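Lettering of chains follows the sequences in order, A, B, ..., and the numbering in each one begins at 1. Here the structure is a predicted model, which is why all the values come from computation and not from measurement.
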Amino acid sequence: MEEKRVLLEYADQINPESAADYIKVGGYKGLEKARAMQKKDLIDEVKKSGLRGRGGAGFNAGMKWSFVPQDAPVKYVVCNLDEGEPGTYKDRIICEKNAQALLEGMAICGAAIGSDQGYIYCRGEYPFVVELLKNAVKSAKDAGALGDFDIEVRMGAGAYVCGEETALIESIEGHRGEPRFKPPFPGVAGLWAAPTVVNNVETFACLPYILVNGAEWFAGIGAAKYPGTKVLTLTGDINNPTYFEVPTDYKLRDVIYKLGGGIKNGKKFKAVQVGGTSGAFIPEENLDTQIDFDSMGAIGAALGSGAVLVLDETRDIVDTVARITKFFEHESCGKCNPCREGTFRMCEMLHKVNEGKASEKDLENILRLAKVMRKASLCGLGQAAPIPVESTIKHFKYEYMRKLV
Amino acid sequence: MINLKINGKEIQVPKGTMLLEACRQAGAELPTLCYDEDLRLAGSCRMCLVEAKGRPTLVAACVMPAENNMDILTESEDVVEARKVILELLTARHKFDCHVCEKDGNCKLQDYCYKYGVKESSFAGEGPHFYKEDPNPFIERDYDKCIMCTRCVRACEEITGADAINLEDRGHHAKISTAFNGILADSTCVFCGQCVMVCPVGALTSKVSAGKGKAAQNEKVLTTCTYCGTGCTLELNVNEGKVVGVTSNRDRKYSPVNKGALCVKGRFGWDFIHSPERLTTPLIRENGELRPASWEEALSYAADKLKGVKEKYGPDALAMFTSARVTNEENYLAQKFMRAAIGTNNVDHCARL
Amino acid sequence: MTNSINELENDAKCIFLIGTNTTENHPVIGYKIRKNVRKNGAKLIVADPRKIELAEIADIYMRFKPGTDVALVNGMMNVIINEGLLAEEFIKNRTEGYEQFAETVQKYPPEVAAEITGVPAEDIIKAARLYAESEAAAICYAMGVTQHSTGTDNVKTMCNLALLTGNLGRPGTGVNPLRGQNNVQGACDMGGLPNVYPAYQQVSNEANKEKFEKAWGVPLSGKNGWTLTEAIGHAHHGELKALYVLGENPMMSDPDINHVEEALKNLEFLLVQDIFLTETAQLADVVLPGATFAEKEGTFSNTERRVQRVRKAIDPIGDARPDWQIICELSTRCGYPMEYDSAEAIFEEIRTVTPSYAGITYEKIDATGIPWPCPTVEHPGTPILHSAQFSRGLGLFHAIDFKEPVELPDEEYPLILTTGRNLFHYHTGTMTRRASALDEHRPYNEVEVNPVTAAKLGIANGELVRLSTRRGSIELKAHISEIVNEKVVFITFHYKEAAANVLTNADSLDPTAKIPEYKVSAAKLEKIV
């Protein structure tokens with residue numbers, strides 16, 4: 001199976017900043033079409049396409065938009081370009097190859113919910129993308145392509161939690177990056193308490209193609225319940241550590257062995273972590289799973305951001321997971337008890353295991369804590385932080401057992 | 001109206017009612033640390049978690065509006081386990097010196113650990129490491145006891161508007177801090193002690209009261225502040241016949257003007273009551289010096305002098321300055337004394353000063 | 001206050017603060033104002049010679065020259081009238097004296113007011129519009145307005161502003177003096193004034209006199225007595241021979257302390273009743289130890305007229321006694337027996353002669369205090385005055401011209417000294433200087449001086465300096481700050497070691513209220529070499 005390039009079809013063939021280049025290859029036709037439609041019809045069209053969020057939750061995009069109250073005087077469209085999951089860089093690639101599609105997608109969303117102001121929240125580690133996007137917005141505005149829809153690019157300051165949509169909103173508002181409790185959801189009370197749609201880059205960038213080619217066309221690509229393409233980024237012990245755009249019914253094994261060219265240095269496969277650092281570790285026996293959201297969910301994993309981290313047979317799972325717990329300990333915002341203290345204690349205990357100082361009792365405590373973090377944390381960060389721990393204890397328990405005292 | 005089930009009991013609440021309140025109405029009081037009805041909701045301590053059947057995660061009742069057909073369990077196995085783990089996580093970072101703690105017996109952490117049988121933490125790694133001396137005479141900030149409920153931050157911002165404190169750093173290392181992690185005296189702090197008022201544990205206490213009586217052992221007498229004209233209600237804390245501190249009542253009914261909020265003078269300026277400089281006996285000037293005298297002697301002497309002046313010069317040769325600080329009853333008697341007993345209207349006070 | 005404190009948090013849409021440093025002198029009211037501004041978006045106008053804390057969040061801050069209140073507000077009213085922002089219906093139906101008043105105000109177009117006050121005309125115009133166009137605008141003031149030789153004029157001018165815009169008698173409006181002492185309202189209500197019996201019944205009115213003669217069973221004098229400041233003068237001149245001072249400290253609080261000391265020493269007999277050996281008590285012939293608020297029962301009436309309970313928490317210290325008991329003993333020994341079982345028994349008597357308190361009982365205020373007037377037991381109290389009509393019927397406009405303060409800066413005394421309080425101390429410091437934490441935090445007096453002035457005089461921050469007026473001089477530390485402008489210096493009157501009232505003027509009294517002009521004295525500041 002080959003890649004299927006939709007978002008990245010003209011990668012490296014057009015100047016991503018240039019609205020003129022983008023228009024030459026058919027750009028801004030989708031927006032034109034969207035603006036000619038009734039809002040409700042537009043939202044229905046997006047719903048019908050089956051487009052689901054290309055971030056963590058996989059929520060139906062049209063459905064999300066339909067929650068926005070039509071009569072609110074001010075509404076916002078916010079693009080999540082915080083892309084903080086280690087190993088993930090697909091949104092950056094989309095910006096670097098096809099930034100205008102993102103802008104068009106945001107404007108389409110604006111047309112659907114009745115908003116004339118968009119914000120792009122770009123992670124602080126991407127200063128060059130901020131520049132690129134600012135130029136792209138200027139180019140689009142100058143060309144009159146966005147009409148009266150305005151987009152402001154905001155830069156984050158390096159907090160992983162700001163990829164969580166409500167923490168991202170707090171950050172745009174100038175506050176400490178901490179998630180809000182939900183409800184109210186951003187669709188009802190988001191940025192500056194106004195109804196706000198937050199989607200990520202990839203989700204927005206799909207929209208122009210859905211509008212131009214029709215909802216049925218999109219719904220027909222890839223997995224039925226999670227249609228379209230997905231940009232994946234390969235990292236780790238793999239021969240081709242780069243990005244690919246594939247239909248969502250693509251199998252994980254093909255990602256690694258066909259597109260990825262197999263394990264580096266002729267070593268054997270041990271595990272793959274999909275969806276970034278908060279993703280589950282997947283063993284060999286589950287490799288024949290489709291990458292779509294629901295298929296991954298069925299094996300206890302998550303497609304998430306589309307990061308694919310491959311570990312070869314020489315990798316120490318416990319050591320890897322201990323490092324991951326350090327990451328979460330560092331990135332927990334500190335708002336809720338289970339995450340703030342949980343990530344810290346989890347990190348302590350994993351390092352204890354890794355250093356060969358832990359007992360079976362510690363392993364029990366780890367699982368006890370993991371469960372409570374998952375069930376009791378305020379936001380996705382704390383809820384997902386124990387997943388790598390739990391999934392490796394499930395699939396690679398012997399690696400833990402051999403380190404216990 | 002919203003219909004839902006709480007612990008198997010059908011209940012109806014108005015739309016917008018939070019589960020915390022709905023549970024209360026259904027007879028289930030939930031534990032809370034960060035919740036404060038006068039402050040913006042935080043939803044962060046996760047102690048009021050309940051199980052909503054069919055939902056993958058537990059929900060925090062203080063921030064979750066009741067929805068139709070919810071089926072809520074307030075003490076299910078998962079819920080109790082979550083609360084225990086949270087308490088164990090908090091106790092792992094909390095300095096346990098209850099025997100010498102001002103808040104002993106009046107501490108939410110203590111109460112919940114007792115309720116859920118948390119004796120020690122399964123997560124005891126690095127212990128408390130947050131203490132930082134703050135050289136001010138009013139507020140003891142022992143963040144080794146802090147449980148990060150952020151009620152102090154919200155009270156500072158929302159009640160007083162001083163914005164002196166907020167969170168610094170992230171995760172476990174997050175702590176309550178002034179700007180640039182300095183001391184309160186260098187911040188915008190006005191030492192109103194609203195933070196002390198809302199702290200559910202012993203992290204913020206009054207230095208003026210320290211060692212004079214544990215909160216739970218003090219008798220509280222509701223009264224009106226003796227300083228400015230705002231008329232704030234406060235509670236004098238009494239222990240063994242001495243005033244040992246001031247707290248406040250946050251019920252609008254008992255504290256109609258200030259609803260518990262006080263200023264630095266009201267909350268921390270009470271110990272003049274037991275100043276060694278207090279006058280404890282009448283004094284009479286003799287040979288240019290004031291000497292102690294009995295009440296009988298002093299009163300008779302004073303009355304004779306006043307009568308003498310009145311007889312010699314007439315009532316208008318006498319005057320009284322009554323006081324803007326004594327009670328209505330005393331002011332009434334003071335002017336009655338001058339008008340009826342002495343016979344002059346020469347009575348005034350410092351209303352103008 | 002015509003209105004209640006919580007309206008400043010919940011109901012007022014615009015708050016005009018003049019001559020009140022609310023966050024330091026009435027901190028809890030300050031919190032409420034700040035909350036209303038931040039949370040509800042209420043508009044805030046601050047007029048004060050000092051750039052006080054609330055000026056930071058004000059929509060308009062007017063730094064006006066001390067003593068020019070009338071000119072400033074006349075300027076605002078000039079704008080309101082000429083731009084047609086006045087409440088015509090209200091003026092027609094509920095006021096009188098408008099014509100003459102409006103004529104006077106015509107003399108103060110904003111440019112003229114700007115010239116007198118030093119506030120830019122456009123700020124006066126903006127402030128006028130903001131206040132007048134608000135649905136509910138409240139005026140709050142404190143001693144910054146009253147402690148002037150024109151204090152009465154200043155207050156009447158505030159009333160004019162409220163009348164002109166109909167900002168009276170509704171929630172969130174009013175003319176609201178913020179009173180500085182716990183029971184200054186009650187002391188006035190109870191007749192602790194030389195011209196009135198309880199509830200402001202004039203002593204010169206024969207019917208009132210008869211009523212009280214009947215109630216108290218003795219003949220009374222119908223002649224107005226002396227005010228406090230007058231009494232000091234009379235002591236000086238030898239007409240006052242004996243003075244009974246209860247819980248007051250004129251040796252700190254009254255203007256020109258050296259003058260006060262001479263006056264008190266001139267008395268034949270000085271009786272002081274207090275909780276500490278105050279500066280005044282040190283001059284006494286007899287000192288009687290009274291009780292603090294923690295040691296007795298009773299009531300205080302706050303600035304919003306709310307009568308609230310004071311409860312005994314502990315027994316009086318040592319041999320001290322509740323002040324009401326001491327007065328009773330003294331009165332009895334003076335031949336007029338007073339016997340009450342309790343503070344409540346006194347209150348019951350108060351109710352019979354004080355119509356505004358008649359409906360208040362200890363039982364009714366056990367939990368929540370009640371604002372007077374409360375004429376009957378069934379009456380819930382009156383949070384908002386003048387909602388249907390004014391006490392005199394129609395609200396009276398006063399035509400008031402600006403008058404300069406008595407003592408203006410000159411070559412020898414080039415600065416304006418203005419006095420007040422800080423957050424951490426109260427009045428003459430009798431209590432707060434003996435409250436360990438408060439005094440540790442703010443142990444000494446400071447003079448606030450503008451950096452430009454300080455630089456001219458070669459004064460460094462924290463340096464000991466000499467501040468003098470025609471009455472005397474004190475030495476204290478300089479606190480260099482832009483809170484005051486180049487022509488103004490500020491000190492507090494809490495500290496006996498550097499007592500502000502050594503410097504103030506006993507001769508510049510308001511002719512009606514006899515209030516001293518604490519807010520304006522000509523002063524000079526010197527480096528100590």
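Interface residue H427(C): only side-chain heavy atoms are found under 4.5 Å from chain B. With a 4.5 angstrom heavy-atom cutoff, E297(C) touches chain B only via backbone atoms. Of the two parts of N25(C), only the backbone, made up of N, CA, C and O, holds a non-hydrogen atom closer than 4.5 Å to a non-hydrogen atom of chain B. In this structure, chain B has heavy atoms under 4.5 Å from both the backbone and the side chain of I326(C). Heavy-atom distances place both the backbone and the side chain of Y254(B) under 4.5 Å from chain C. Proximity to chain B (any heavy atom under 4.5 Å) is restricted, for Q147(C), to the side chain, taken from C-beta onward. With a threshold of 4.5 angstrom between heavy atoms, C225(B) approaches chain C through N, CA, C or O but not through any side-chain atom. Only the side chain of T233(B) comes within contact range of chain C, with heavy atoms under 4.5 Å apart. The part of E268(C) that comes within reach of chain B is its side chain, from C-beta onward, which places non-hydrogen atoms under 4.5 angstrom from that chain. Both the backbone and the side chain of L222(B) have a heavy atom closer than 4.5 Å to some heavy atom of chain C.
More than 12 heavy atoms of other residues, nucleotides or ligands lie within 6.0 Å of NZ in K220(B), so this atom counts as buried by the packing criterion. Shown here is Q217(B), whose CD atom has more than 12 heavy atoms of other residues, nucleotides or ligands within 6.0 Å.
Looking at K312(C), its side chain never comes within 3.5 Å of a backbone N or O of V221(B) through a donor-acceptor pair. The main-chain N or O of A437(C) is never found under 3.5 Å from a side-chain atom of K207(B) such that the two would form a donor-acceptor pair. At distances below 3.5 Å, at least one donor-acceptor pair connects side-chain atoms of S323(B) with backbone N or O atoms of G247(C). Although no hydrogens or angles enter the test, the distance criterion places no donor-acceptor pair under 3.5 Å between the side chain of Q181(C) and the main chain of A324(B). Under a 3.5 Å cut-off, the side chain of N345(B) and the backbone N or O of N224(C) do not form any donor-acceptor pair. Judged by distance alone, with hydrogens and angles left aside, the side-chain atoms of N302(C) form a donor-acceptor pair with the main-chain N or O of T230(B) at under 3.5 Å. Between the R34(C) side chain and the T160(B) main chain, a donor and an acceptor come within less than 3.5 Å of each other. Using a distance-only test at 3.5 Å, with no hydrogens or angles considered, no donor-acceptor pair links the side chain of R434(C) to the main chain of F272(B). With hydrogens and angles ignored, the 3.5 Å screen pairs no side-chain donor or acceptor of E248(C) with any backbone N or O of H349(B). Between the side chain of T327(B) and the backbone N or O of T299(C), no donor-acceptor pair lies under 3.5 Å.
Interface summary for chain C: among F337(B), F268(B), Y227(B), W270(B), the most heavy-atom pairs under 4.5 angstrom belong to Y227(B). When each of D304(B), T188(B), T281(B) is checked for heavy-atom pairs under 4.5 Å with chain C, T281(B) comes out on top.
There is a side-chain donor-acceptor pair under 3.5 Å between S301(C) and N328(B).
Between D163(B) and R38(C) a salt bridge is recorded (basic side-chain N to carboxylate O distance below 4.0 Å). Taking 4.0 Å as the cut-off between side-chain N and carboxylate O, K223(C) and D316(B) count as a salt-bridged pair. Taking a cutoff of 4.0 Å between a charged side-chain nitrogen and a carboxylate oxygen, E295(C) and R278(B) qualify as a salt bridge. Under a 4.0 Å N-O distance rule, the pair E349(C)/K336(B) qualifies as a salt bridge. Salt bridge status for E24(C) with K265(B): absent, with no side-chain N to carboxylate O gap under 4.0 Å.
Taking the centre and axis of the six-membered ring of W216(C), the NZ or CZ atom of R339(B) falls outside the cone set by 45° and 6.0 Å.
Shown here for A303(B) and L330(C), the closest heavy-atom pair between the two residues is N-CD1, 4.0 Å. Considering every non-hydrogen atom in both Y332(B) and I346(C), the closest pair reads CD2-CG2, 3.9 Å.
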TODO: Any chance you could lay out the side chain to side chain contact (heavy atoms under 4.5 Å, CB included) test for F269(C) and L306(B), step after step, and finish with the verdict?
DONE: CA-CA 8 Å; F269(C) 183 63; L306(B) 295 175; 3.8 Å; yes

TODO: Please test L279(B) against V287(C) for side chain to side chain contact (heavy atoms under 4.5 Å, CB included), starting from the C-alpha separation and ending with a verdict.
DONE: CA-CA 9 Å; L279(B) 290 170; V287(C) 180; 3.5 Å; yes

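Atom OH of Y31(C) and atom CD of E158(B) lie 15.0 Å apart (nearest 0.5 Å).
In this pair, F424(C) and F138(B) present their aromatic rings parallel. The plane angle is below 30°, not in the 30 to 60° band. Ring geometry, H441(C) versus F191(B): the interplanar angle exceeds 60°, so the pair is classed perpendicular (tilted spans 30 to 60°).
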